[in-house]
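A short worksheet on the structure shown next.
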Amino acid sequence: MLARYPRLPLSAAMVLALGCTSVPNTSETGGSSRSKVSPPPVTKVQPVIDRHHEVDVTDPYRWLESGQDKNVQEFIKQQNEYARTYLDALESRESLRQQLNEILGASSISYRSLHEVQGQLFALKQHPPKQHRFLVTLPDAGHPEKERVVIDPDALEPKGKVAIDWYRVSPNGRYVAASLSVDGSEAGDVSVFEVATGKRVFEVIPGVNAGTAGGDLGWAPDSGGFYYTRYPRGDERPAADKMFFTQLYFHKLGTPTTADRFELGKDFSRIAEFFVEIHPSGRVIAAVQKGDGGEFQHYLRSLDGTWKQLADYPDRIAQFFFGERDDLYFISQKDAPHGKVMAVSLKDPSPAKARVIIPEGKDSIVTDITSGEGFLVHKGRLYVSYQTGGPSEIRSFDLDGKSKPGPRTAPVTGVNNVAGLANGDVLFAQRSYLEPTAYYHYSIQKNSTTKTQLQEKSPVDLTGVTVIREMVKSKDGTMIPVNIILPPGVKPGTPVPFVLNGYGGFSISIEPQFLGSRSVLLKSGVGYAIANLRGGSEFGETWHAQGSLTKKQNVFDDFIAAGEFLVQAKYALPGKVAIIGGSNGGLLVGAAITQRPELFAAAVASVGYFDMIRIESEPNGQFNTTEYGTIADKQQFEALYAYSPYHRIKDGTAYPPILMQVGATDQRVAPWHSRKMVARLQAASSSGAPALLYTRFDAGHGMGSSVAQQIDQNLDAYSFMLRFLKASH
């Protein structure tokens, strides 16, 4: 999956660097603010022609896919030198670095994955300048300063190379199982740590997590072992299948991993992805996703150890949850794209015999099986998270679906991590564009919602910043929410330079997030906008379907319409809209600049897909075919080829300045996409504007990045965009 929440790779050629020691030239080209720069490194063209459905597809830079080839390594080296020469000479860098250090290097970073086990609160927390650290806090959530560290990756590897992909706490609260990976690769092995001492105990389980299909783990009720997913080992599969065919096993603590018990998945899909949930009785639910397309099969393990299939893909069931009355709840999207909650007895758990508990409404139920978000059964209550077009909120019901008083949430906020407490109360996280993440305590007895001390203190002053939510008409008439943030003191109708962001894919809703580092743009007098594009799930599964497979072009139309609106409505200055996006959002940026190059002043694309005809040549790209489509299908091939950014570049076109950022260990999106894209842009563009590629060798898709890495990545992106947004015509 491209953006998983807990959860997206010629023969011999000589690359010659020309003018790499030159600094950026501030002179203008053709009356625009796109500066002339020294010529980029020359990249050899070696065309490869593939034929798909009677169409010849030319790939001039196929040789750049071979990451270990010495000539490709030389290409990366010279592109890095070229990019650094340009970026390091930008005037605004030192001031921006100081601001980013103060913001991202603040001592209080929000808690994540907070939940209670045996009277202790467990959470992931990031402490600058280190990687993710695992912390235990007091159960009353009132004294976070007394937290103690259970797992510190920097203690395992002082060089800051190890990150925690995810963790699971044993039911007795004695152990923590954590997937640990190196250099942002997300290729994690599972280690078990003792909570009391923080020591690593028992054996390491290899190959549980990967940057392709991820991984999961669920503890047995007696804490003596766990169910876990793993990839093929040894000669179990051919080398080409080592990143596929995940299966479910059970491991007993203190025994060799070679003795682990196989559970499920022998004959499953090559691109199957597992998620597990364990009931205190010992029953197990396994959800099996077909790639990243949001279609699931569900299986139940009975107490006698037998597995029974509960639902298949056509049943359109997103998630199952164990209830409190020997029953199962599930979220169904069959004939209900916004989702409905149903329940069935564990004695006969056929979905056909289920009853509707909460019918489909006008708002969409959040479903996030990778993190378990969206639904909580707790002490006689159902807490259901709803999407309202980007913002989200929590609603409370009794076990039969009758509406009950529940947590109060502010408007235009995002909520998540709804966690039950032993006394029946709940904690939940809430954040907005202007307020950083804070945990709130909902008392069921008092029907009160209060802010706890588990909160991130704002490192920036956002006084005078204005947030406006507009509905913008896309090309086909669909209305798209656009969240517009104006710099301090700027009133609507006073145009300023703008940065526009978006994602639009994989049914991922873009909720309000604290501005944080993006506030440096506001301080520079630049506005910031986030578009809730189709392809997400802001308005249910229909909204997602309208932006996937053969309808992916809708996403790009939505984004372009948002850019046009900013200018037409006098929020943005004409010719002063920059765009930024990562992962699937990187594809979005690539499509936008190749379809409407004249509209944008600058672009930043990170870890993105650009060659849509070749994504299936890499492991994670095969998981993504359920979202993008496959070239094996004629209609899907035609849609992919029509918008593939790499193939839409035209010689002699004035493309805007672009910075592309990748991580060498990225297993979600192969770095060669960016290599090929930048080579093609450098050869084709007539604007004289820079097309830069910078590769970080100790980073992957972005998960697990240290604070220092985040500062460097943001510094490059913001200083680059500001160069073209703040320059005069």
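Numbering of residues begins at 1 and proceeds along the displayed sequence. Every value quoted in this text rests on a predicted model; they were computed, and no experiment measured them.
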- Item | Distance-only side-chain donor-acceptor flag, Glu203 / Thr257, under 3.5 Å | no
- Heavy-atom nearest pair, Thr626 first then Lys290, reads CG2-O, 3.3 Å
- Note on the structure: Scanning both residues in full, the closest heavy-atom pair of Gly294 with Gln289 reads N-OE1, 2.9 Å
- Do you know which two heavy atoms are closest between Leu421 and His378, and how far apart they sit? O-NE2, 2.8 Å
- Can you check side-chain contact (heavy atoms from CB on, under 4.5 Å) on Arg200 and Leu180, steps first, answer last? CA-CA 12 Å; Arg200 185 154 27 187; Leu180 304 177; 4.0 Å; yes
- Nearest-0.5 Å distance that lies between atom NE2 in His544 and atom OG in Ser364: 11.5 Å
- Query: Can any side-chain N or O of Asp222 pair as donor or acceptor with the backbone N or O of Gly224 at less than 3.5 Å?
  - Reply: yes
- Query: Out of curiosity, Arg668 CZ to Ser185 OG, how far, rounded to the nearest 0.5 Å?
  - Reply: 11.0 Å
- Message: Ser509: which residues meet the side-chain hydrogen bond (donor to acceptor under 3.5 Å, both in side chains) condition with it, sequence neighbours left out?
- Response: Ser537
- Item | Pair Asn172-Ser170, side-chain donor/acceptor within less than 3.5 Å | yes
- Are any side-chain N or O atoms of Trp307 and backbone N or O atoms of Tyr299, one a donor and one an acceptor, separated by less than 3.5 Å? no
- Item | Electrostatic pair Asp400:Arg355 at N-O distance under 4.0 angstrom | yes
- Message: Could you check whether any side-chain N or O of Gln636 sits under 3.5 Å from a backbone N or O of Thr630, counting only pairs where one atom can act as donor and the other as acceptor?
- Response: yes
- Ionic contact status for Glu295 with Arg316, cut-off 4.0 Å: yes
- Message: Tell me whether Glu538 contacts the main-chain N or O of Ile510 through its side chain, where contact means a donor paired with an acceptor under 3.5 Å.
- Response: yes
- Distance-only, no hydrogens or angles: does the His338 side chain make a donor-acceptor pair with backbone N or O of Lys362 under 3.5 Å? yes
- Query: With under 30° as parallel and over 60° as perpendicular, where do the rings of Phe226 and Tyr228 fit, or are they tilted in between?
  - Reply: perpendicular
- Query: Is the number of heavy atoms from other residues, nucleotides or ligands under 6.0 Å of Lys242 NZ greater than 12?
  - Reply: yes
- Query: Do the ring planes of Phe330 and Phe320 sit parallel (below 30°), tilted (30 to 60°) or perpendicular (above 60°)?
  - Reply: tilted
- Assess whether side-chain contact (heavy atoms from CB on, under 4.5 Å) is satisfied between His298 and Asp315, documenting all intermediate values. CA-CA 10 Å; His298 298 271; Asp315 295 314; over 6 Å; no
- Are side-chain heavy atoms of Val366 and Tyr386 found at a separation under 4.5 Å? no
- Query: Distance from His279 atom NE2 to Leu328 atom CG, nearest 0.5 Å?
  - Reply: 8.5 Å
- Item | His115 side-chain N/O to Ser113 backbone N/O, donor-acceptor pair under 3.5 Å | yes
- Rounded to the nearest 0.5 Å, how far does CD1 of Ile358 lie from NZ of Lys340? 13.0 Å
- Query: Do the side chain of Thr229 and the main chain of Asp216 share a donor and acceptor less than 3.5 angstrom apart?
  - Reply: yes
- Would you find a donor on one side and an acceptor on the other, under 3.5 Å apart, between the side chain of Glu263 and the backbone of Phe250? no
- Message: Looking at every heavy atom in both Ala429 and Thr437, which two are closest together, and how far apart are they?
- Response: CB-CG2, 4.0 Å
- Task: Give me the ring orientation class for Tyr628 and Tyr609: parallel if the planes are under 30° apart, tilted from 30 to 60°, perpendicular past 60°.
- Result: perpendicular
- May I ask you to decide if Phe262's main-chain N or O and Gln247's side chain share a donor-acceptor pair within less than 3.5 Å? no
- Task: Quick one: do Ser181 and Asp165 satisfy side-chain contact (heavy atoms from CB on, under 4.5 Å)? Show the steps, please.
- Result: CA-CA 7 Å; Ser181 61; Asp165 303 313; 2.7 Å; yes
- Item | Qualifying ring pair (Phe, Tyr, Trp, His ring centres under 6.0 Å) pairs, either residue in residues 169-196, two or more places apart | Tyr175-Phe202
- Message: Please check this pair: side chain of Asp326 against backbone of Leu346, looking for a donor-acceptor N/O pair closer than 3.5 Å.
- Response: no
- Item | Salt bridge Arg395-Asp363, side-chain N to carboxylate O under 4.0 Å | yes
- Among side-chain atoms of Asn209 and Tyr231, is any donor-acceptor pair under 3.5 angstrom? no
- Task: State the CZ-CD distance between Phe268 and Gln297, to the nearest 0.5 angstrom.
- Result: 6.0 Å
- Query: How close do Thr542 and Pro337 get, heavy atom to heavy atom, and via which atoms?
  - Reply: OG1-CB, 3.3 Å
- Note: Lys379-Glu324 ion pair, threshold 4.0 Å (strictly below): no
- May I ask you to say whether Asp241 pairs ionically with Arg270, meaning some side-chain N is under 4.0 Å from a carboxylate O? yes
- Stepwise, does the side-chain contact (heavy atoms from CB on, under 4.5 Å) test hold for Phe506 with Asn624? CA-CA 9 Å; Phe506 295 90; Asn624 296 159; 3.6 Å; yes
- Measure the spacing between OH of Tyr440 and OG1 of Thr452 and express it to the nearest 0.5 Å. 9.0 Å
- Over 12 foreign heavy atoms within 6.0 Å of NZ, Lys252: no
- Just say parallel, tilted or perpendicular for the rings of Phe375 and Tyr329, cut-offs at 30° and 60°. tilted
- Which of Thr409, Asn417, Asn416 passes side-chain contact (heavy atoms from CB on, under 4.5 Å) with Phe428? Answer is Thr409
- Query: Is there side-chain contact between Glu236 and Phe245, with at least one heavy-atom pair below 4.5 Å?
  - Reply: no
- Message: Less than 6.0 angstrom separating the ring centers of Phe122 and Tyr167, yes or no?
- Response: no
- Heavy atoms of Leu303 and Ser281 approach each other most closely as CD2-O, 3.2 Å
